[in-house]
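Reading through the structure tokens given below for one structure.
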Amino acid sequence: MPRLSSGYVIAGAYADKIRRTLFAQLRDLIRESKEWSSRIAYSAAQLNKVLFEILVKGLNVDRGDVVRIRIEYEIDEAAKEVKWKWDTLEVEVFRRESPEKVKKVVDEYKSKASEMAVARVAYDLVKKGETEDGDVVYA
């Protein structure tokens, strides 16, 4: 079954990415018949309408956040339409942090960075047992 995957894209540009990706995946059908072009555009619009509701109204995603959208679909060549498998819709959201917050955290760790880089890792060895061959196993 074909699957549309937007890849990582800024939320403000997801609709265009979905449309372009769908057209790229179905370019062979478009070459067969001009009617497919309008049908594919309509299907992309349907998906983008649902995604707008999810991203903007449901999740309050900012335009600068990054999203990845994946969904499977079927091609009905007799009816010349794309049928979305809504139960396979996956949306991932990666929120953008404010530059002030990032700077604050980085500045906190800058002073400790030289000690952190050379600090030894402390291990606690615990004997777990022996193998049949007589090897000792530690954790």
Side-chain angles (χ1 to χ4, degrees):
M1 180 164 308
R3 181 178 196 166
L4 181 136
S5 179
S6 68
Y8 295 109
V9 62
I10 294 173
Y14 79 88
D16 186 48
K17 179 70 172 191
I18 292 293
R19 184 181 53 77
R20 287 187 294 121
T21 303
L22 189 59
F23 269 90
Q25 287 181 346
L26 302 177
R27 67 183 171 272
D28 294 336
L29 292 174
I30 295 170
R31 289 181 187 145
E32 289 178 14
S33 168
K34 295 291 180 187
E35 186 179 350
W36 269 109
S37 182
S38 62
R39 298 291 184 130
I40 292 169
Y42 178 72
S43 296
Q46 286 178 318
L47 177 58
N48 283 329
K49 183 179 179 182
V50 171
L51 290 171
F52 178 82
E53 294 291 325
I54 292 170
L55 295 172
V56 176
K57 295 185 178 178
L59 296 172
N60 296 322
V61 172
D62 185 38
R63 294 179 66 85
D65 294 342
V66 174
V67 297
R68 180 168 57 181
I69 298 144
R70 288 181 266 177
I71 187 169
E72 293 179 1
Y73 60 91
E74 287 182 348
I75 303 298
D76 185 352
E77 293 196 35
K80 291 193 176 184
E81 62 183 18
V82 176
K83 294 185 178 183
W84 299 111
K85 298 293 183 187
W86 296 110
D87 58 326
T88 65
L89 178 64
E90 298 174 33
V91 176
E92 293 177 272
V93 178
F94 305 92
R95 300 224 183 254
R96 184 175 180 196
E97 288 294 336
S98 69
E100 296 82 22
K101 183 176 180 180
V102 172
K103 184 177 179 352
K104 180 182 172 189
V105 172
V106 170
D107 288 344
E108 285 178 27
Y109 283 90
K110 277 183 184 178
S111 61
K112 299 185 270 183
S114 59
E115 294 103 32
M116 290 171 55
V118 296
R120 291 186 173 209
V121 178
Y123 293 103
D124 291 328
L125 292 178
V126 178
K127 184 177 178 180
K128 290 293 188 177
E130 293 185 21
T131 66
E132 291 178 7
D133 298 339
D135 294 332
V136 180
V137 178
Y138 291 97

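What you see below is based on every heavy atom in this structure, not just the backbone, and it leaves out hydrogens, waters and symmetry mates. Computed from a predicted structure; not experimentally measured.
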- Work out which heavy atom in Arg68 is nearest to a heavy atom in Tyr8; give both atom names and the distance. NH1-OH, 3.3 Å

- Item | Check: Glu35 main-chain N/O paired with Ser38 side-chain donor or acceptor under 3.5 Å | yes

- Do you reckon Trp86 sits in the same ILVMFWY cluster as Ile40, going by side-chain contacts under 4.5 Å, direct or chained? yes

- Message: If I take atom OG from residue Ser5 and atom NZ from residue Lys17, how far apart are they, to the nearest 0.5 angstrom?
- Response: 9.0 Å

- Message: Quick check for you: to the nearest 0.5 Å, what is the distance between Ile75 atom CD1 and Leu26 atom CG?
- Response: 4.5 Å

- Item | Side-chain donor or acceptor of Ser6 paired with backbone N/O of Ile69 under 3.5 Å | yes

- Message: Consider side chain to side chain donor-acceptor pair (under 3.5 Å). Of Arg3, Glu81, Gln25, which one does Tyr73 pass it with?
- Response: Gln25

- Return yes if some donor-acceptor pair links the side-chain N/O of Arg31 with the main-chain N/O of Asp28 below 3.5 Å, else return no. no

- Message: Quick check on Arg95: does its CZ atom have over 12 non-hydrogen neighbours (other residues, nucleotides or ligands) under 6.0 Å away?
- Response: yes

- For atom CZ of Phe94, is the number of surrounding heavy atoms from other residues, nucleotides or ligands below 6.0 Å larger than 12? yes

- Taken to the nearest 0.5 Å, the spacing of Ile54 CD1 from Lys49 NZ works out to 13.0 Å

- salt bridge (charged side-chain N to carboxylate O under 4.0 Å, His left out) between Asp65 and Arg96: does it pass, once the steps are laid out? CA-CA 5 Å; Asp65 294 342; Arg96 184 175 180 196; over 6 Å; no

- Would you name the heavy atoms of Trp36 and Asp76 that are closest together and state the gap between them? CH2-O, 3.8 Å

- Message: If I compare all heavy atoms of Asp16 with all of Arg19, which pair ends up nearest, and what's the gap?
- Response: OD1-NH2, 2.6 Å

- Query: So if you build clusters from Ile, Leu, Val, Met, Phe, Trp, Tyr with side-chain heavy-atom gaps below 4.5 Å, do Tyr42 and Leu22 land together?
  - Reply: no

- Using a strict 4.0 Å threshold on nitrogen-to-oxygen distance, state whether Glu92 and Arg70 make a salt bridge. yes

- Query: Going by heavy atoms in the side chains, are Ile18 and Val9 under 4.5 Å from each other?
  - Reply: no

- Message: In the structure I gave you, are the side-chain heavy atoms of Leu51 and Val67 within less than 4.5 Å of one another anywhere?
- Response: no

- Task: Kindly say whether Ser43 contributes a backbone atom to a donor-acceptor pair with the side chain of Trp84 at under 3.5 angstrom?
- Result: yes

- Give the intermediate values and the outcome of salt bridge (charged side-chain N to carboxylate O under 4.0 Å, His left out) for residues Asp107 and Lys104. CA-CA 5 Å; Asp107 288 344; Lys104 180 182 172 189; over 6 Å; no

- Passes side chain to side chain contact (heavy atoms under 4.5 Å, CB included), Lys110 versus Val106? Steps please. CA-CA 6 Å; Lys110 277 183 184 178; Val106 170; 3.7 Å; yes

- Contact summary for Arg39 and Lys80, nearest pair of heavy atoms: CG-O, 3.1 Å

- Message: Check for me, please, whether Ile10 and Val56 land in the same ILVMFWY cluster - side-chain distances under 4.5 Å, paths through other members count.
- Response: no

- Hphob cluster co-occupancy, Leu89 + Phe52, side-chain heavy atoms under 4.5 angstrom: yes

- Item | Spatial distance of atom NZ (Lys103) from atom CD (Glu97) [nearest 0.5 Å] | 16.0 Å

- Linking I/L/V/M/F/W/Y whenever any side-chain heavy atoms sit under 4.5 Å apart, do Leu4 and Val66 land together? no

